Amino acid sequence: MIQFPKKFLWGAATAAYQVEGGNVGSDWWPWEKSAGNECSGPACRHYEMYDQDFDLAQGLGHNVHRFSIEWGRIEPEEGKFSREALNHYLAVLLALKARHIEPVVTLHHFTNPVWFAKLGGWEHPRAVRYFLRYTEFVVRALAQYVRIWITINEPTIYISHAYLFGIWPPQVKSLWRMLRVERRMVSAHLRAYRLIHKIYRQESLSGPRVSIAQHMMALVPCTPSLKNRFAASLRHKLFNERLLSIFLRHKALDFIGVNYYSRQLVDVQKWGLRNLLSDTCKAGHHPVKKNSLGWDIYPEGLSQLLLKLKKYDLPLMITENGICTSDDAERWEFISAHLKSVYGAMERGVPVMGYLYWSLLDNFEWDKGFGPRFGLIDVDYATFKRTVRQSALKFSQVAKTGALE
Ligand code: IFM
């Protein structure tokens with residue numbers, strides 16, 4: 001039996017575009033139509049149903065909830081800020097507070113306002129200034145209700161999918177353009193970090209905790225060859241730790257948000273930059289179970305990553321970890337194995353503050369549509385009926401007692 005600390009944060013994460021529905025002011029809205037993808041449409045109707053969803057989260061013993069604010073709602077036209085949208089998010093925060101659930105608020109989770117995208121998105125020279133203006137508007141209004149902020153969700157996933165692989169809007173395929181956007185996002189985080197702290201000082205509020213949610217993969221050499229070990233360590237440095245170390249050099253992280261899902265089995269065919277950065281094992285070596293999107297399930301990777309982050313001497317939070325599956329028993333197996341992995345790292349001195357399962361609800365999985373089911377709670381997309389899954393009840397026992405068999 002494992003016993004987590006009393007103050008551990010237990011909960012789940014969501015993102016506005018994936019659950020709210022009707023995000024007509026965001027760049028994904030026109031894009032998913034033009035790309036011929038399954039469209040987000042009303043999503044889970046969480047924009048209207050958040051009270052009911054938070055009742056469920058509270059009943060499940062969650063004491064933390066991560067959600068994101070949709071920039072395209074807050075600023076539907078350049079420089080015009082919507083009081084109505086702001087009041088909505090204020091109501092969301094009050095609804096969480098009334099249920100004694102600590103909010104973790106994300107400012108950018110993959111989507112941008114349509115007007116911003118039309119101007120050139122993150123490639124526009126004023127992109128960072130636009131993001132900061134939005135950040136200032138939101139943080140000034142909501143600071144007294146929020147202690148934990150995530151400026152940007154998974155910047156490495158956003159830039160690679162949108163600017164290198166060309167599979168998300170604006171569908172660019174250029175290393176140079178991706179690197180330009182990366183520089184902008186780095187600057188956006190650094191400046192937003194300072195701005196958020198300044199606002200809290202001006203409002204005489206106690207210090208906020210600000211971070212990013214960093215997507216991390218376990219990079220495992222398929223065989224212990226020099227090429228594979230070198231490539232795994234290079235990829236870990238570039239994809240997992242590089243942005244974090246920049247932010248840490250600038251003292252611009254108060255904790256580290258970790259989003260962890262899977263493993264990459266590194267098997268490099270020949271020495272060459274492209275091979276070192278992308279070759280994976282195709283021969284089915286070291287087989288593990290997979291989620292319904294075909295991602296390897298590799299719980300031990302989470303503890304290995306957390307131990308690698310120990311050197312930074314900062315609190316860590318699992319800001320996302322989850323599985324899409326049609327077999328709910330597999331979901332509980334996944335959660336319990338990953339919690340044991342987290343605990344293993346904590347026993348070795350890694351200060352983990354909390355665990356947020358991805359996701360509270362089944363939701364819109366970007367270019368994959370509504371097929372993948374990540375939720376603790378099943379959503380019937382025809383009726384919007386919510387059904388709490390068995391895995392959610394088992395997770396709830398851990399959340400309520402801190403104990404895991
Ligand atoms: O759904 C996404 C989320 O938006 C960001 N992290 C990974 C999740 C699963 O793919």
Side-chain angles (χ1 to χ4, degrees), residues 1-13 61-64 66 102 104 147-150 154 156 193 206-221 224 229 232-264 297-322 333-358 395 397-405:
M1 160 99 86
I2 284 172
Q3 186 67 48
F4 282 85
K6 273 218 160 50
K7 289 201 168 154
F8 202 74
L9 295 170
W10 297 103
H62 295 192
N63 57 13
V64 63
R66 177 175 169 225
E102 167 104 46
V104 174
R147 292 190 311 156
I148 309 177
W149 293 93
I150 298 290
E154 297 182 352
T156 55
Y193 176 91
S206 58
R209 291 183 161 199
V210 184
S211 183
I212 60 163
Q214 174 70 343
H215 181 268
M216 292 196 155
M217 278 206 130
L219 292 152
V220 180
R229 282 183 292 126
S233 135
L234 179 69
R235 284 181 212 180
H236 173 76
K237 287 207 175 77
L238 286 180
F239 306 149
N240 289 338
E241 284 203 39
R242 200 169 69 86
L243 290 189
L244 294 179
S245 51
I246 297 175
F247 296 147
L248 285 157
R249 259 203 319 277
H250 287 85
K251 299 203 182 331
L253 291 178
D254 301 314
F255 70 99
I256 299 176
V258 176
N259 290 5
Y260 176 77
Y261 289 86
S262 186
R263 154 190 98 165
Q264 196 179 79
I297 296 173
Y298 192 65
E300 52 271 53
L302 181 51
S303 124
Q304 291 158 7
L305 282 170
L306 295 174
L307 285 163
K308 285 191 172 136
L309 298 177
K310 190 177 169 195
K311 61 177 183 275
Y312 295 125
D313 207 17
L314 276 180
L316 305 174
M317 190 193 294
I318 312 305
T319 35
E320 287 182 26
N321 173 239
E333 220 178 274
F334 178 99
I335 296 175
S336 92
H338 283 79
L339 287 178
K340 286 176 188 155
S341 188
V342 171
Y343 188 80
M346 291 169 73
E347 273 192 316
R348 294 174 65 185
V350 182
V352 183
M353 301 150 63
Y355 174 92
L356 290 109
Y357 178 79
W358 180 272
F395 179 53
Q397 280 311 307
V398 186
K400 287 176 180 167
T401 60
L404 175 64
E405 294 284 344

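Values reported hereafter were calculated over all heavy atoms of this structure, with side chains retained and with hydrogens, waters and symmetry mates removed. Bear in mind the structure is a predicted one, so any value in this text is a computation, not a measurement.
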| message | Would you compute the distance between atom CG of Leu234 and atom CG of Leu219 and round it to the nearest 0.5 angstrom? | response | 10.0 Å
| said: Quick check: do Leu339 and Ile2 have side-chain heavy atoms less than 4.5 Å from each other? | reply: no
| request: Report yes if the side chains of Phe4 and Val352 come closer than 4.5 Å at any heavy-atom pair, otherwise no. | output: no
| note | Between Pro299 and Ser341, the two heavy atoms sitting closest are O-OG, 2.7 Å
| query | Roughly how far apart are Met317 CE and Ile256 CD1, rounded to 0.5 Å? | reply | 12.0 Å
| For Lys400, does the NZ atom have more than 12 heavy-atom neighbours from other residues, nucleotides or ligands under 6.0 Å away? | yes
| query | Can you find a pair of side-chain heavy atoms, one from Glu320 and one from Tyr261, that are under 4.5 Å apart? | reply | yes
| So, do Trp358 and Asn259 sit near enough that their side-chain heavy atoms are less than 4.5 Å apart? | no
| request: Name all pairs fulfilling the salt bridge (Lys or Arg N to Asp or Glu O under 4.0 Å) condition that reach into residues 336-348, sequence neighbours left out, sorted by first residue then second. | output: none
| Thr319 side chain to Val258 backbone, donor-acceptor under 3.5 Å | yes
| If only atom types and distance count, is the side chain of His338 paired as donor or acceptor with the main-chain N or O of Phe334 below 3.5 Å? | yes
| How many angstroms lie between OH in Tyr312 and CG in Leu253, if you round to the nearest 0.5 Å? | 9.5 Å
| Can you list the steps and then say if Ile150 with Phe255 is a side-chain contact (heavy atoms from CB on, under 4.5 Å)? | CA-CA 10 Å; Ile150 298 290; Phe255 70 99; 3.8 Å; yes
| task | Check step by step if side-chain contact (heavy atoms from CB on, under 4.5 Å) holds for Leu305 and His236. | result | CA-CA 9 Å; Leu305 282 170; His236 173 76; 3.6 Å; yes
| request: Count the heavy atoms belonging to other residues, nucleotides or ligands that lie under 6.0 Å from CZ of Arg235, then report whether that count exceeds 12. | output: yes
| query | Do Ile212 and Leu244 have side-chain heavy atoms sitting under 4.5 Å apart? | reply | yes
| query | Can you check whether Thr401's main-chain N or O pairs, donor with acceptor, with Gln3's side chain at less than 3.5 Å? | reply | yes
| request: Answer yes or no: is there a donor N or O on one side and an acceptor on the other, between the side chain of Asp254 and the main chain of Ser211, under 3.5 Å? | output: no
| said: If the threshold is 4.0 Å, N to carboxylate O, is there a salt bridge linking Arg263 and Glu300? | reply: no
| query | Could you go step by step and tell me if Ile335 and Val398 meet the side-chain contact (heavy atoms from CB on, under 4.5 Å) rule? | reply | CA-CA 11 Å; Ile335 296 175; Val398 186; over 6 Å; no
| remark: Heavy-atom nearest pair, Gly61 first then Ala399, reads O-CB, 3.7 Å
| query | What pair of heavy atoms forms the shortest contact from Met1 to Ala403, and how long is it? | reply | SD-CB, 3.6 Å
| Backbone N or O of Glu241 within a donor-acceptor pair of the Gln214 side chain at under 3.5 Å? | no
| task | For the pair Met216 and Leu309, evaluate side-chain contact (heavy atoms from CB on, under 4.5 Å) and give the outcome as yes or no after the intermediate values. | result | CA-CA 11 Å; Met216 292 196 155; Leu309 298 177; 3.7 Å; yes
| field | Enclosure of Lys311 NZ (heavy-atom neighbours >12, cutoff 6.0 Å) | value | yes
| task | Quickly, which of Phe8, Trp10, Phe395 forms a ring-ring contact (aromatic ring centres under 6.0 Å, His included) with His62? Name it, please. | result | Phe395
| message | Just so I know, are the side chains of Asn321 and Val342 near enough to count as touching, which here means a heavy-atom distance under 4.5 Å? | response | no
| query | Would you say the side chain of Tyr193 lies within less than 4.5 Å of the side chain of Val210, judging by non-hydrogen atoms? | reply | yes
